[in-house]
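A short write-up of the structure that comes next.
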Amino acid sequence: PSPTPLPQPTRTTYNFQAVLNDETKRLAVLQTLHYLNQTGQDLDQLLLVVEANWTPGVFELNALTWEDGSPVTDWTLENNLLRVPLGDSLSPDTWLTVVVDYNLILPARSGVLGYDFRQINLGNWYPFVPPYKSGVGWLAYQRGWVGEHYSYELADFNVELTLTGATRPLLVAASAPSEPGPPSPSEAQTYHFYLSQARSFALSISPEYHVFRKTVGDVEVLSYAYPETLAAGEQALNATADALALYSDLFGPYPHKTMTVVQVNFPDGLEFDGLYFLSEQYYWGYATTISGDIRVQNYLTIIAVHETAHQWWYGLLGNDQAIEPWLDETFATYSELLYYEHYFPELVDWWWAFRVDFYAPRDCCVNFTIYQYGDPRAYINGVYLRGAYWMRELRELMGNEAFFKALKTYATRHRDGFVTAQDFWNVVGENTSEDLIPLRQRYFGGN
């Protein structure tokens, strides 16, 4: 069989030729970026976010050239920002092609980008163009103590990955299904991935993964887990599949061919389009003996359905995660409750007590930026947990019918877009005549 023909691009497109040496943990990448200026104004520079450059010695830029092969001059790279000056300004709705030749010397650490003795993770591994907001500029930020500081515009991804230097078979988890790639040397494995209309593309590679599979409609759900935690890996699959079905009904259809969860050796969970990482601490904490509802009364299930919800609140509806983190995290947290309401209504009170009430999140405000929270507990209490209280009160004020109609209208109207707080409040205002000012004052400081 031949690879799926690529459609004519209508948005920014990333093409990658990447070679990963498993022995040296070195990734050589030739990245061709076809950028479409959808900002509505002339641009005199292009900005690339290079998250790999935060750690010294990880990102090596070999060459930066234009489409015709001529070198880009006067570029600068500071922290995570690579600025590319444009000799002639780029008009709205016109294209620009930049070729980035670089190496990643993967750090020996468990994390989103790095490796340990069990796996290699490639998250936020490539330079990308952030969204641009009129009157503000590029939505690119420095790191904070908590939360995610990056935002993404919608793009297409065409990834050719070749694995070399491996002494054992490797399994590759990715944001999209693998298609047949071009011929490669006998000692190498080559994969081709294509992901359309997405915010990001991530991979994880290991010789140890066991893969669970399940189908939800036309979507294949996959769970990659280690041999010691197979019961938890199967529950991660089931929770993801059930949440995917529910959220597709509540918020609009899931857009990709696959949905993948990967067990990783670092804390918490982290979403990418079509894939999310889920910490091994939840797998090890999962009940080894299934009895009653113990299978879903745990953080493995809670965080699995939370990260699945991010396929809508992050993927289909992009937002400024540094400045308005509540637009994805609050909605993903409340989506956890909707999962329990639908599948395990007898556990709703347990979810509130275990997930939210235990931490007594009382301090305003839900809508702070990530830079206004001094520590992770304050951030989680404000954005995630106070946010859940706020959505509960909003639902009670509006009534079930109006509340769920507003949620679906918001999700479908702004599908594939980039949202702000005002977009949500506008939809709420269309669906209720109730006075929202007291509620907003309690949870948002009146904003």
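The first residue of the sequence shown is numbered 1, and numbering continues consecutively from there.
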Do you see a donor-acceptor pair shorter than 3.5 Å between the side chains of [X] and [Y]?
X: N381; Y: R386; result: no
X: E160; Y: T190; result: no
X: H310; Y: E329; result: yes
X: E280; Y: T229; result: no
X: S175; Y: Y276; result: no
X: Y286; Y: R295; result: no

**Prompt:** Would you say the ring centroid of H306 lies under 6.0 angstrom from that of Y384?
**Reply:** yes
**Asked** Do F59 and Y102 make the cut of ring centroids closer than 6.0 angstrom?
**Response** yes
Donor-acceptor contact below 3.5 Å, side chain [X] vs main chain [Y]:
X: E307; Y: F277; result: no
X: N37; Y: Q41; result: yes
X: N80; Y: Y141; result: yes
X: Q321; Y: Y150; result: yes
X: Q119; Y: N265; result: yes
X: H414; Y: G417; result: no
X: E220; Y: P177; result: no
X: Q372; Y: T369; result: yes
X: T13; Y: R11; result: yes
X: T330; Y: L327; result: no

**Request:** Starting from the C-alpha separation in whole Å, work towards a yes-or-no answer on side-chain hydrogen bond (donor to acceptor under 3.5 Å, both in side chains) for N426 and Q422.
**Result:** CA-CA 6 Å; N426 287 344; Q422 194 57 51; 2.7 Å; yes
**Prompt:** Does R143 pair with E51 as a salt bridge, N-O distance under 4.0 Å?
**Reply:** no
**Asked** Can R355 and E336 be counted as an ion pair, charged N to O under 4.0 angstrom?
**Response** yes
In terms of relative ring orientation, are [X] and [Y] parallel, tilted or perpendicular, with 30° and 60° separating the classes?
X: Y191; Y: F193; result: parallel
X: F368; Y: Y373; result: tilted
X: F331; Y: W313; result: tilted
X: F444; Y: W425; result: perpendicular
X: H34; Y: W95; result: perpendicular
X: F128; Y: Y152; result: tilted
X: W390; Y: W326; result: perpendicular

**Prompt:** Which is it for E228 and R118 under the salt bridge (charged side-chain N to carboxylate O under 4.0 Å, His left out) test, yes or no, and what are the steps along the way?
**Reply:** CA-CA 13 Å; E228 304 91 343; R118 306 195 80 167; 3.0 Å; yes
Please examine the side chains of [Y] and [X], heavy atoms only from C-beta on, and report whether any two atoms are closer than 4.5 Å.
X: L46; Y: L33; answer: yes
X: W312; Y: S335; answer: no
X: V159; Y: H192; answer: no
X: V296; Y: L347; answer: yes
X: L20; Y: T162; answer: no
X: W138; Y: V129; answer: yes
X: Y209; Y: S204; answer: yes
X: S279; Y: Y282; answer: yes

**Asked** Only one of N121, D116, T55 clears side-chain hydrogen bond (donor to acceptor under 3.5 Å, both in side chains) with R109; which?
**Response** T55
**Message:** With side-chain hydrogen bond (donor to acceptor under 3.5 Å, both in side chains) as the test, pick out the partner of D357 among W351, W352, Y389.
**Reply:** Y389
**Message:** Checking Y283 against Y226 for the ring pair (Phe, Tyr, Trp, His ring centres under 6.0 Å) test, could you report, in this order, the C-alpha distance in whole Å, the side-chain angles of both residues, the deciding distance, and whether it holds?
**Reply:** CA-CA 9 Å; Y283 289 73; Y226 291 136; 8.2 Å; no
**Request:** Check the pair Y126 / Y14 against ring pair (Phe, Tyr, Trp, His ring centres under 6.0 Å), numbers first and verdict last.
**Result:** CA-CA 10 Å; Y126 53 86; Y14 296 85; 5.7 Å; yes
**Request:** Might you work through the side chain to side chain contact (heavy atoms under 4.5 Å, CB included) test for L317 and F251, ending with a clear yes or no?
**Result:** CA-CA 11 Å; L317 280 74; F251 313 136; over 6 Å; no
**Prompt:** Within 45° of the axis and under 6.0 Å from the centre of the six-membered ring of Y359, does NZ or CZ of R377 qualify?
**Reply:** yes
**Prompt:** What is the minimum heavy-atom distance between K133 and T420, and which atoms define it?
**Reply:** NZ-CG2, 4.4 Å
**Request:** Could you give me the CA-CA distance, side-chain angles and deciding distance for E234 and S223, then say whether side-chain hydrogen bond (donor to acceptor under 3.5 Å, both in side chains) is met?
**Result:** CA-CA 7 Å; E234 188 170 17; S223 173; over 6 Å; no
**salt bridge (charged side-chain N to carboxylate O under 4.0 Å, His left out) between E393 and R442, intermediate numbers included** = CA-CA 11 Å; E393 289 195 38; R442 281 201 307 279; 2.3 Å; yes
**Item:** Whether over 12 other heavy atoms sit under 6.0 Å from E78 CD
**Value:** no
**Item:** Step-by-step ring pair (Phe, Tyr, Trp, His ring centres under 6.0 Å) determination, Y340 to H342
**Value:** CA-CA 5 Å; Y340 282 95; H342 184 81; over 10 Å; no
**Asked** Which is it for Q197 and D156 under the side-chain hydrogen bond (donor to acceptor under 3.5 Å, both in side chains) test, yes or no, and what are the steps along the way?
**Response** CA-CA 5 Å; Q197 293 182 247; D156 293 342; over 6 Å; no
**Message:** For a ring pair (Phe, Tyr, Trp, His ring centres under 6.0 Å) check, start with the C-alpha distance between F354 and F358, then their side-chain angles and the critical distance, and finish with the verdict.
**Reply:** CA-CA 6 Å; F354 180 78; F358 175 80; 7.9 Å; no
**Message:** Is there a side-chain hydrogen bond (donor to acceptor under 3.5 Å, both in side chains) between N15 and Q31? Walk through the geometry before answering.
**Reply:** CA-CA 6 Å; N15 293 321; Q31 173 180 332; over 6 Å; no
